[in-house]
Novice: 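Here it is, the structure in full.
Letters A, B, ... mirror the listed sequences (proteins, then strands); counts begin at 1.
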Number of protein chains: 2
Amino acid sequence: MSPRVGLDDARIMQAAASIANETGLQSVTLATLAKQLNVRPPSLYNHVNGLPEIRNKLTLLGLQGLQAVMHEAVSKQKQPESGAIPALAIAYAKYAIEHPGLYEATININAREHSEEIQQKAAELVDLVSNGLRPFLPSADEADLIHAVRGFRSLLHGYTSLILSGGFNMAVDRDESFLYMIRAYMAGIQRQSVL
Amino acid sequence: MSPRVGLDDARIMQAAASIANETGLQSVTLATLAKQLNVRPPSLYNHVNGLPEIRNKLTLLGLQGLQAVMHEAVSKQKQPESGAIPALAIAYAKYAIEHPGLYEATININAREHSEEIQQKAAELVDLVSNGLRPFLPSADEADLIHAVRGFRSLLHGYTSLILSGGFNMAVDRDESFLYMIRAYMAGIQRQSVL
DNA sequence: TAATAAAACTAATGGTATTAGTTTTCTGAA
DNA sequence: TTCAGAAAACTAATACCATTAGTTTTATTA
């Protein structure tokens, strides 16, 4: 009655990510997970500490994925100073929309107790944006750079989050709106830093 | 055994809103609601159709509240064309941060079946922003105006959502960041519409 | 005042997560 | 090669959730 399916942490998290992306983060439960892995729910406790731990690990997976595609995006840029920001923005939105469950996990850091690893990855993401923005705002002080990073992040998260919630349904191309807002924001911060 | 507490739809939704704002939308359950109202969970079904209906009503309450403060914000403006947008932005963020549970309900429109009323309120919100933005972009065509509205909404939702998720913790004033990003975005869209 | 409708209740069902305790299976050391 | 212990599955049980069915109490109103 226990043919030892060969479960392990990695396979569990892979299944969790797949469920999250396909049917939503809220439907990652021990029940759905166990069913997909052909196992009874309590068996999962041999490999994982419970649902909260699974959620935390999904957060980390999402941050890692996001960081990876954004890192790749800046690496591939030929002219580092000009195109880094749009490349970062496109990579961010693409990843979020293609991995809605992991992206949602990325945001829903329940305020309390992120692990060290999660803090670390989140900081790397901020640095990536910060470094991309800096050459654009040569005369900006540290506070203004932080303002600019926060605004950029707000724009990226707001756009993707609204798309994922089913927003922006009017008959106007969403991708064009995205490029429009990124261009506008960049033009705006550049102008502000000159003033 | 049933002293008839005097429950009704309005009192239930008031309790639901209070729980949502104080301990999070996810902790609005029939159990917490019944406990707060000194009633057993099944009694709630005499007034309300179940948890999904309560969630829908919270969405509507949130949209109504948001629309009300934004409407008030534009009404109070002396110079209609200049300051409407910052006033709308500030009203939006203030409401969202002061009513986190209702605001969350506002966004989490689970894609499927919003009621007519919800659709209506959501459209009124878009109009409010659209009308605020139009005098700013006199030479913009309809598509560009929609792009601009979407960007503005992305910025507002992204900022508030990240704040409510516990983000933006560095030692730089969040309100200043908010004003910075609004100013930058407005300067940017104005410049784009001229080009 | 008696009948009816409304609002509360209890009890039961089926779904969750989690814990405890048990059985099976694999592995590594004698 | 065997067998003892660890690991991984299991069953059973607890506690909590939403919801439904059926019952009792309360209020209204004819």
Novice: Report the nucleotide, chosen from C/dC26, C/dT16, C/dA7, that has the shortest atom-to-atom distance to any side-chain atom of B/Arg4.
Specialist: C/dA7
Novice: Please check if the side chain of A/Thr160 supplies one atom and the backbone of A/His157 the other of a donor-acceptor pair under 3.5 Å.
Specialist: yes
Novice: Taking the side chain as every heavy atom from C-beta outward, state whether B/Arg55 and B/Val28 have any atom pair closer than 4.5 Å.
Specialist: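 Answer no - side chains too far apart.
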Novice: Can you name the closest pair of heavy atoms from B/Ala140 and B/Ser193 and give their distance?
Specialist: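 Residues B/Ala140 and B/Ser193, closest heavy atoms: CB-CB, 4.4 Å.
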Novice: Between the side chain of A/Asn21 and the main-chain N/O of A/Leu102, is any donor-acceptor distance below 3.5 Å?
Specialist: yes
Novice: How would you list, by chain and number, every residue that makes a ring-ring contact (aromatic ring centres under 6.0 Å, His included) with B/Phe152, sequence neighbours excluded?
Specialist: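 Listed in chain order: nothing, the list is empty.
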Novice: Strictly below 4.0 Å, N to O, side chains only: are A/Glu117 and A/Lys121 in salt-bridge contact?
Specialist: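 A/Lys121 and A/Glu117: not salt-bridged.
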Novice: May I ask you to list the residues of residues 34-46 of chain B, by number, that have any heavy atom positioned under 4.0 Å from an atom of DNA chain C?
Specialist: B/Val39, B/Arg40, B/Pro42, B/Ser43, B/Asn46
Novice: According to a strict under-4.0 Å criterion, is B/His47 in side-chain N/O contact with OP1 or OP2 of C/dA6?
Specialist: no
Novice: Enumerate the residues from residues 7-21 of chain B whose closest heavy atom to DNA chain D is under 4.0 Å, giving them by residue number; use none for an empty result.
Specialist: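 By residue number: none to list.
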Novice: Whole-Å distance between C/dT16 P and A/Arg55 CZ?
Specialist: 13 Å
Novice: Separation of A/Leu30 atom CG from C/dT19 atom C1', in whole Å?
Specialist: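 Checked: the CG to C1' distance equals 13 Å.
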Novice: Report the C-alpha distance between B/Leu51 and B/Leu33 in whole Å, list the side-chain angles of each, state the deciding distance to 0.1 Å, and finish with yes or no for side-chain contact (heavy atoms from CB on, under 4.5 Å).
Specialist: CA-CA 10 Å; B/Leu51 200 48; B/Leu33 217 36; 5.7 Å; no
Novice: Do side-chain atoms of B/Arg174 reach the backbone of B/Ile163 as a donor and acceptor pair under 3.5 angstrom?
Specialist: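 Between the backbone of B/Ile163 and the side chain of B/Arg174 there is no qualifying donor-acceptor contact (under 3.5 Å).
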